[in-house]
2 protein chains.
Amino acid sequence: MARPTVNDIAREAGVSLATVDRVLNARPGVRESTVTAVQEAITRLGYVRDIAAANLARQRQYRLVAALPDSGSQYVETLACALHDAAQTAAVARTELQILRYPAEDPHSLAALLHALPPAETEGVALMAPETPVLRDAVKALREKGIPVIAIGSDLPNTDRDHFVGIDSRAAGRTAGVLMGRFVGRGPGQILALAESMQLRDAIERRHGFDAVIQAEFPWLEVLPTLETHGSDATLRAVVTERLRHATGLRGIYVLGSGHRALAATLADLGLTGRFTIIGHELTPHTRRALQGGQIDAVITQNLGHLARSALRVLRAKADRAPIDAAQEQLRIEILIRENLPDQ
Amino acid sequence: MARPTVNDIAREAGVSLATVDRVLNARPGVRESTVTAVQEAITRLGYVRDIAAANLARQRQYRLVAALPDSGSQYVETLACALHDAAQTAAVARTELQILRYPAEDPHSLAALLHALPPAETEGVALMAPETPVLRDAVKALREKGIPVIAIGSDLPNTDRDHFVGIDSRAAGRTAGVLMGRFVGRGPGQILALAESMQLRDAIERRHGFDAVIQAEFPWLEVLPTLETHGSDATLRAVVTERLRHATGLRGIYVLGSGHRALAATLADLGLTGRFTIIGHELTPHTRRALQGGQIDAVITQNLGHLARSALRVLRAKADRAPIDAAQEQLRIEILIRENLPDQ
DNA sequence: AGATTTTTGAGGTACGCACCTCAAAAATTA
DNA sequence: TAATTTTTGAGGTGCGTACCTCAAAAATCT
């Protein structure tokens with residue numbers, strides 16, 4: 001009844017422990033027919049390797065690396081914390097995580113960082129970065145060294161990364177679109193879209209999803225061309241103020257990326273707080289407060305705690321060449337309003 | 001640099017391994033001053049017990065029990081599956097889960113089941129059951145035998161259960177209320193509320209939350225008295241048809257519990273499909289299809305996979321008398337619409 | 001001081017597995 | 001058949017911890 005062990009397999013297969021071990025760990029020097037016999041015994045008994053014991057014996061240490069931009073955005077900082085926490089908790093799983101930060105606007109320095117990683121001491125890399133040619137090369141180089149690479153938060157679809165942990169930006173945009181359409185209510189009107197930069201794939205995809213839904217289901221709404229803030233509060237204030245002067249039927253604002261803070265300030269200064277339906281992305285201390293205060297109507301996000309834990313699980317699995325549980329690793333697109341905001 | 005082991009502590013504290021072991025496992029026969037010395041060495045080195053190795057040595061097996069009603073509802077079945085899966089995956093964590101089913105309408109037989117659990121072979125119980133006096137006694141009896149008890153899905157607030165894994169029904173109802181209010185749009189109208197039974201605490205609390213929000217934020221809407229179906233499709237059809245005949249300004253339907261299926265059929269037969277905003281609870285194969293088909297507008301739910309995994313983690317922690325990570329165990333109130341429906 | 005009790009140390013075994021060595025057995029080749 | 005190669009078995013060690021025994025040392029009491 002108890003879980004079968006390697007000894008049980010040896011007995012069942014009529015071979016010695018050494019042979020079972022050779023088969024289990026894919027070591028050479030076992031006849032084909034013996035391999036089959038052992039594998040049959042394994043399935044017959046329903047043996048599953050005790051990973052805890054195996055890792056103990058093997059002195060396994062998962063040495064993982066995560067690279068994040070030092071953009072200083074709340075979102076990235078929260079993710080960094082979540083990764084750190086997940087690694088702490090995963091200490092029992094023999095996981096050691098090194099969190100690297102790279103200058104947000106400098107893909108070359110990230111690539112240099114990645115190239116400098118010691119292959120012998122790196123069993124997996126989690127990457128949050130915009131896809132650029134240099135990065136593509138860096139990822140390729142890592143994979144050629146046998147180091148698994150996963151993308152987190154934002155995908156790198158045109159690289160051969162091993163996995164992506166995060167949500168589909170297009171679907172997230174669609175979700176935002178439906179909420180916007182339903183929240184503003186029937187009747188003509190305009191939607192202002194605001195992004196840090198429309199160079200970023202995430203923003204582009206969100207906007208695509210958003211537009212598609214609005215066009216198909218809420219055709220009476222018009223989504224204005226995206227205003228770009230380039231990360232500057234002053235620019236945001238300027239472009240938004242300008243746009244508000246001309247847009248007469250504005251009913252909603254879609255914040256594709258960061259900028260919630262400056263937007264709130266700008267609207268307050270113009271005496272327009274509460275006049276528009278505002279929907280954004282990512283749960284940060286600021287968007288949380290704004291949701292609670294009613295200045296933001298909904299936030300589309302992913303659970304960064306889950307993301308972090310999932311990333312580490314996936315990296316460990318990749319390092320072990322083990323299969324991953326797709327259902328467990330699929331992140332949900334979360335809709336947060338004031339009423340379902342998680343504590344703390 | 002490597003993780004310190006018991007041997008390192010022994011050296012650091014200037015005592016033998018046996019003494020460290022006695023301190024770590026709270027065995028008697030160690031002088032107070034020595035205990036302190038060892039504990040100081042532990043904190044100084046930042047030692048954390050290797051749980052994997054400890055469990056291996058100890059031959060620890062977490063023998064857990066989950067009790068669910070055999071109501072046959074999709075929701076309970078899905079939860080049972082999720083628990084089963086979680087236990088499979090947790091096999092590496094030496095977890096053995098026995099899933100008991102009890103007749104949904106018979107709290108006494110559940111109590112009998114619980115009383116019959118062998119205390120020596122049961123390290124924790126997860127319970128999904130309505131709170132009744134017999135159940136309260138049964139929970140008390142279990143706890144007096146030293147068996148941790150947690151409530152899952154639906155809380156047992158007036159028992160001394162060790163923990164509750166699930167979401168706050170009142171907040172879930174509030175969430176449904178906000179969505180209903182915003183989705184139906186401004187202007188007077190009526191909302192039909194439908195429940196299996198208003199005896200169940202969950203339904204009561206959801207309705208409270210729903211009403212509170214509608215009253216406060218959407219006062220132009222009127223929520224009609226809850227129609228009870230008592231789990232019978234025929235009853236549902238009868239009461240809904242009757243109500244539809246009289247309610248003239250009906251704009252939304254709030255499904256507090258199960259009954260989505262029969263409701264959809266009834267509306268279809270009356271030729272009213274698509275006429276109302278429909279919001280319900282729990283993601284089941286049927287609500288999933290209905291969301292995709294546009295017959296339901298939103299579903300408020302909790303991730304049953306998370307619930308199951310969380311329940312097992314909490315039970316293991318309770319069995320070890322270890323602290324639990326509240327942030328990780330907090331389940332989110334999920335809002336699902338067609339656009340953010342998870343795959344599969 | 002001696003007798004008694006309490007505390008400590010040294011050592012062993014076990015858990016399930018990985019990884020190593022060396023010799024024996026079996027299969028293959030010449 | 002003999003020589004060679006391949007396959008297998010027996011055995012050991014160690015990972016970090018739990019738990020056990022027995023004797024020695026230290027502290028406490030009379």
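Taking the nucleotide of DNA chain C with the nearest heavy atom to each of Arg58(B) and Val30(B), the more 5' of the two is matched to Val30(B). For the pair Tyr47(B) and Arg22(B), both in contact range of DNA chain D, the more 5′-proximal nearest nucleotide belongs to Tyr47(B).
For Arg60(B) and dC15(C), the CZ to P distance is 18 Å, given to the nearest whole Å. The nearest whole Å value for the distance from the CZ atom in Arg11(A) to the C1' atom in dG9(D) is 16 Å. Rounded to whole Å, the distance from CG on Leu17(A) to P on dC17(C) is 9 Å. When rounded to the nearest whole Å, the span between CG of Asn7(A) and P of dG16(C) equals 8 Å. The distance from atom CZ of Arg3(A) to atom P of dG16(C) is 9 Å, rounded to the nearest whole Å. In this entry the distance linking CD1 of Ile51(A) with C1' of dC15(C) reads 17 Å, nearest Å. Rounded to whole angstrom, the span from the CG atom of Asn55(A) across to the P atom of dG16(D) amounts to 12 Å. The distance between atom CG of Asn25(A) and atom P of dC20(C), rounded to the nearest whole Å, is 10 Å.
Formation of a donor-acceptor pair under 3.5 Å by the Arg101(A) side chain with backbone atoms of Pro69(A) is found in this model.
Judged by distance alone, the side chains of Asn55(B) and Arg316(B) never bring a donor and an acceptor atom under 3.5 Å apart. A side-chain donor-acceptor contact under 3.5 Å links Glu329(B) and Ser310(B). Side chains of Arg49(A) and Asn25(A): a donor on one and an acceptor on the other come within 3.5 Å.
Considering only side-chain atoms of Ala54(B), the nucleotide from dA18(D), dC19(C), dC15(D) that sits closest is dA18(D). Counting only heavy atoms from C-beta on, Thr34(A) has its side chain closest to dT8(D) among dT8(C), dT8(D), dC15(D).
Nucleic acid contact for Asp21(A): base, since at least one base atom lies under 4.0 Å from a heavy atom of the residue.
The phosphate of dG9(C) (OP1 or OP2) has a side-chain N or O of Thr19(B) nearer than 4.0 angstrom. Arg27(B) has a side-chain polar atom (N or O) that falls below the 4.0 Å cut-off from OP1 or OP2 of dC19(D). Listed pair Arg49(A) / dA18(C) meets the phosphate criterion, a side-chain N or O lying under 4.0 Å from OP1 or OP2. Between Gln59(B) and dG16(C) there is a side-chain N or O to OP1 or OP2 distance below 4.0 Å. The shortest distance between the side-chain N/O atoms of Ser16(A) and the OP1/OP2 oxygens of dA10(D) is not below 4.0 Å.
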Point to revise | Steps toward salt bridge (charged side-chain N to carboxylate O under 4.0 Å, His left out) verdict (Asp85(A), Arg309(A)) | key: CA-CA 9 Å; Asp85(A) 288 354; Arg309(A) 284 184 287 270; over 6 Å; no
Provide a list of protein-nucleic acid N or O atom pairs under 3.5 angstrom, restricted to nucleotides 27-29 of chain C.
none

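Within a 6.0 Å radius of NE2 in His84(A), no more than 12 heavy atoms belonging to other residues, nucleotides or ligands are found.
Each of Val23(B), Ile9(B), Val20(B) was compared with Val15(B) under the side-chain contact (heavy atoms from CB on, under 4.5 Å) criterion, and only Val20(B) meets it.
Salt bridge status for Arg94(B) with Asp50(A): present, with a side-chain N to carboxylate O gap under 4.0 Å.
You won't find any donor-acceptor pair under 3.5 Å spanning the side chain of Arg94(A) and the base of dG16(D), going by distance alone.
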